[in-house]
> 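Questions regarding the structure given below will be posed in turn.
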Amino acid sequence: MKITIVFTEEGIVVPEMVIGSREIGAVVEFQGLVREMEGEEALDGLFYEAYPEMAEKVLRRHLEELGEIHGCESVEFIHRSGWVPVGEASLYIRVLSAHRGEGLRFLADSIDRLKQDVPIWKRVS
Amino acid sequence: MKITIVFTEEGIVVPEMVIGSREIGAVVEFQGLVREMEGEEALDGLFYEAYPEMAEKVLRRHLEELGEIHGCESVEFIHRSGWVPVGEASLYIRVLSAHRGEGLRFLADSIDRLKQDVPIWKRVS
Amino acid sequence: MDVRGLEDLAVVYELRWNVMKLLAFAKSKDDFGFSEKEIEVAATETPRELVARIVPGMDVSGIRVALDCEFADWDAPVGDAKEMAFLPPVSGG
Amino acid sequence: MDVRGLEDLAVVYELRWNVMKLLAFAKSKDDFGFSEKEIEVAATETPRELVARIVPGMDVSGIRVALDCEFADWDAPVGDAKEMAFLPPVSGG
């Protein structure tokens with residue numbers, strides 16, 4: 001499985017889509033946007049902090065495992081750090097796979113695993 | 001829930017994203033591409049036929065129900081008909097929701113329901 | 001319209017004939033030999049009776065029928081519907 | 001290196017001191033009072049011992065420790081690791 005992981009301080013730009021195989025039947029994309037309401041509080045944005053070297057390593061291992069489990073073709077994963085204003089994306093994921101089921105499961109699992117132990121933190125200010 | 005359904009004979013162009021609320025936290029997009037191998041056979045593409053008036057009606061009812069069930073903000077649904085070459089999209093769906101779980105479930109269910117009884121057919125030539 | 005029971009309904013319908021548009025999709029086009037056709041139909045006639053009349057011996061098992069863009073019963077009268085569609089198993093997506 | 005057992009390993013390690021980079025992330029920065037710091041560490045010292053030495057009384061429950069970008073055990077010797085990181089519960093996404 002082809003895995004691309006990017007941590008960036010800049011605004012996320014959706015990468016151009018390259019369909020490398022005539023056997024890709026499903027493209028699943030996810031964007032996580034910063035929301036205004038976090039609990040009771042109205043925010044202007046969130047500040048993300050990462051330990052990028054470790055985050056890359058831990059995340060890559062998860063994505064490789066999920067690739068084995070679900071059998072997808074490729075994943076592009078972008079996480080923004082620093083200040084992210086409300087309405088902008090902190091996270092972008094694109095999964096290419098033969099069928100939708102495996103792409104959707106890969107996507108859901110990859111976000112669950114991101115939130116499990118990948119060293120990235122957000123704070124309100 | 002805001003529902004947009006389009007049937008088109010043209011190539012699908014991903015519509016510009018409009019985030020209408022500061023409470024949207026998840027954008028889930030799906031593209032279904034025509035694959036070369038259908039069973040044993042190598043294809044150049046697929047021909048899609050629709051009964052668009054009824055497809056729109058049946059699909060809208062499904063999406064409204066799923067909106068009640070999962071509580072999403074909006075869905076844009078585009079299905080192409082006519083000849084679709086391998087590697088191009090026959091289907092595009094974008095769901096906006098507060099959280100990823102509801103958006104992912106909405107997306108998965110909407111494709112299941114599409115394939116259940118929405119009057120659209122594909123054939124090899 | 002003052003209708004008190006099924007028999008009265010039948011009497012009322014018996015008097016009415018509609019011009020109905022028939023649509024056959026996908027494989028049904030081959031089965032029926034047309035994709036679109038106009039035909040006179042009595043309000044009391046059922047889709048199954050209509051098919052038996054226009055394509056005798058036709059087997060509609062596996063095919064769904066719709067009236068005015070709603071799934072319908074093969075054995076219920078068509079009433080005032082203006083459009084009947086024959087729908088083989090769908091395969092969109 | 002010719003090592004035959006844990007005791008030999010301890011002897012070998014005892015002799016070695018590393019300069020290690022410590023990293024504290026998120027809330028740990030406040031707890032530790034630094035975000036980055038260099039410190040001399042014996043190969044036999046455990047992360048828990050190191051923390052007790054540099055921030056006496058510090059409670060590390062809920063915090064994970066990593067050595068060279070891998071999750072590590074609070075109670076295993078740091079060995080040759082060059083970087084130790086203190087990781088409060090993550091919240092990315």
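Chain A is the first sequence line, chain B the second, and so forth, proteins listed ahead of strands; every chain is numbered from 1.
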> Quick one: closest heavy-atom pair of A/E36 and B/E23, and the distance?
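Taking every non-hydrogen atom into account, CB-OE2, 3.3 Å.
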> Could you have a look at B/V28, B/I24, B/L104 and say which one has the most heavy-atom pairs with chain A under 4.5 angstrom?
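Ranked by contacts with chain A, first place is B/I24.
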> Apply side chain to side chain contact (heavy atoms under 4.5 Å, CB included) to the pair A/E29 and B/R94, showing each step before the final yes or no.
CA-CA 9 Å; A/E29 289 172 280; B/R94 175 159 56 203; over 6 Å; no
> Check whether B/L96 gets within reach of chain A through its side chain, its backbone, both or neither, counting any heavy atom under 4.5 Å.
neither
> Taking atom NZ as the centre, does A/K115 end up with more than 12 heavy-atom neighbours from other residues, nucleotides or ligands that are less than 6.0 angstrom away?
yes
> Picking from B/V95, B/V86, B/I93, which has the most non-hydrogen pairs under 4.5 angstrom with chain A?
B/V86
> What residue in B/A98, B/A89, B/G101, B/S21 has the most heavy-atom pairs under 4.5 Å with chain A?
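Top count of heavy-atom pairs under 4.5 Å with chain A: B/A98.
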> Nearest 0.5 angstrom please: B/M37 CE to A/R22 CZ, how far?
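Here the rounded value is 10.5 Å.
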> Quick check: do A/R35 and B/H99 have side-chain heavy atoms less than 4.5 Å from each other?
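A side-chain contact exists here, since the closest heavy-atom pair is under 4.5 Å.
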> Could you tell me the separation between the CD atom of B/E88 and the CD1 atom of A/I19, rounded to the nearest 0.5 Å?
11.0 Å
> Less than 4.5 Å to any heavy atom of chain A: does that hold for the side chain of B/L107, its backbone, both, or neither?
side chain
> Hey, could you give me the CG/CE distance between B/L33 and A/M17, rounded to the nearest 0.5 Å?
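If we round to the nearest 0.5 Å, B/L33:CG and A/M17:CE are 6.0 Å apart.
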> A/R100 and B/I111: which non-hydrogen atoms are nearest, and at how many Å?
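Closest heavy-atom pair between A/R100 and B/I111: NE-CG2, 3.1 Å.
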